[in-house]
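Worksheet: one structure, shown below.
Here is the naming used below: chain letters follow the sequence lines, and residue numbers restart at 1 for every chain. Worth knowing before you read on, the calculation uses all heavy atoms, side chains too, and leaves out hydrogens, waters and symmetry mates.
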Number of protein chains: 2
Amino acid sequence: MDKPLNVRMTKQRLAILKATKSSKCHPTANEVYLMVRTKMPNISLGTVYRNLEVLAEKGLIRRLGPYDDKMRFDGDISDHHHVKCVFCGRIDDVELKEKPEIEGSVPCLPGYKIISYGIEFEGICPECQKKGH
Amino acid sequence: MDKPLNVRMTKQRLAILKATKSSKCHPTANEVYLMVRTKMPNISLGTVYRNLEVLAEKGLIRRLGPYDDKMRFDGDISDHHHVKCVFCGRIDDVELKEKPEIEGSVPCLPGYKIISYGIEFEGICPECQKKGH
DNA sequence: ATAACTGCAAATGATTTGCGATCGG
DNA sequence: CCGATCGCAAATCATTTGCAGTTAT
């Protein structure tokens, strides 16, 4: 009833998708905006927000967080988790050696049907460790 | 330099702590405000925010989320996780039968020193299942 | 042709903050 | 006493939205 029936590939949407896919730092909406703006100076921040929403809805990118009040986006759709550095705030990827046995160890849910779960890590990044943290 | 040296137990702070502890629904700041207001009609929302911050900092309560743009608070400090119903948005507790083997299966961190991790579940609550979801 | 999309600018809404008055230790 | 805290109101800031003009299909 409320989703668009046809999704069009506008040049703005394509640019936003490519910028997000090419970024390795899990950008915020504003960071995507700044990236796209270098090639398309008239694009508006509202358009970036609307397209990131559509692209995430279509499964072409992933929404992360919010971290520190800001939503982030990831062009990498593969199954992986994330760590946030508590000092500098950067987000990095985490590949688990083996999928932890979550399903089997969740019997105490109060009648919920589980759809998904995510593991969020917090830690200190290599750079901040060097700086004495 | 920036944390208060002495923490005073004002009647507002105590009321906020008790309200949060007695609530079983992981209230938002505004919900805590409404609860406390019934006993202390002149309390301000700003005071609630400031005190929830202090109480969480001191480890007397836990900050959750944000879920749907709103931070939530939990008077239960014990080690447990949470499920969010994707339809009605309520948050329930999850007790894992056994602590999943996370530590041993995280070798691929890019040099991070891990401080903590959390598991966030999404699912459909019993009530929403009954309603056909 | 026409519904989806855009840029712009204003609105929203949770949270934060400055300030002068008040209170706890 | 005096610095921590309060109530109030205004400010902040990420995100959303209304609208009139534009574009993809």
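- Rounding to whole angstrom units, CG of residue A:Leu52 and P of C:dT6 are separated by 11 Å.
- Rounded to 10 degrees, the angle between the two end axes of the helix from C:dA1-D:dT25 to C:dG25-D:dC1 is 40°, with five pairs used at each end.
- Identified under the ring pair (Phe, Tyr, Trp, His ring centres under 6.0 Å) test for residues 12-60 of chain A, with sequence neighbours left out: A:His26-A:His82.
- Listed by chain and number, the residues in a side-chain hydrogen bond (donor to acceptor under 3.5 Å, both in side chains) with A:Ser23 amount to none (sequence neighbours excluded).
- A:Tyr33 has its OH atom 13 Å from the C1' atom of C:dT6, to the nearest Å.
- Taking atom NZ on A:Lys58 and atom P on C:dA4, their separation rounds to 12 Å, with Å as the unit.
- Protein atom CZ of A:Arg37 is 11 Å distant from nucleotide atom P of C:dG7, rounded to whole Å.
- Annotation: side-chain hydrogen bond (donor to acceptor under 3.5 Å, both in side chains) contacts involving residues 59-69 of chain A, sequence neighbours excluded, comprise A:Glu53-A:Arg63, A:Tyr67-A:Glu120, A:Asp68-A:Lys84.
- Sorted by first then second residue, the side-chain hydrogen bond (donor to acceptor under 3.5 Å, both in side chains) pairs that include residues 123-133 of chain B, not counting sequence neighbours, are B:Arg90-B:Glu127.
- Using modelled atom types, no side-chain atom of A:Thr47 and backbone atom of A:Ile43 make a donor-acceptor pair closer than 3.5 Å.
- Remark: P of D:dC6 and CG of B:Leu14 are 12 Å apart, rounded to the nearest angstrom.
- As a member of the Ile/Leu/Val/Met/Phe/Trp/Tyr network built from side-chain separations under 4.5 Å, A:Ile124 groups with A:Val86, A:Phe87, B:Ile115.
- When the P atom of C:dC5 is taken as reference, atom CE of A:Met40 falls 15 Å away, rounded to whole Å.
- Between the C1' atom of D:dA4 and the CG atom of B:Asn51 lies a distance of 11 Å, rounded to the nearest Å.
- Scored by the side-chain hydrogen bond (donor to acceptor under 3.5 Å, both in side chains) test, B:Asp76 finds B:Ser78 as partners (sequence neighbours excluded).
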What string of B, S and - do you get for nucleotides 15-25 of chain D, 5' to 3', if B is base contact, S is sugar-phosphate-only contact and - is no contact with any protein heavy atom under 4.0 Å?
BBBB----BBS
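- The CG atom of B:Leu64 sits 11.5 Å away from atom OG1 of B:Thr28, with the distance rounded to the nearest 0.5 Å.
- If you take CD of A:Glu31 and P of D:dA14, they are 11 Å apart, rounded to a whole angstrom.
- Clustering of Ile, Leu, Val, Met, Phe, Trp and Tyr by side-chain heavy atoms under 4.5 Å joins A:Leu14 with A:Met9.
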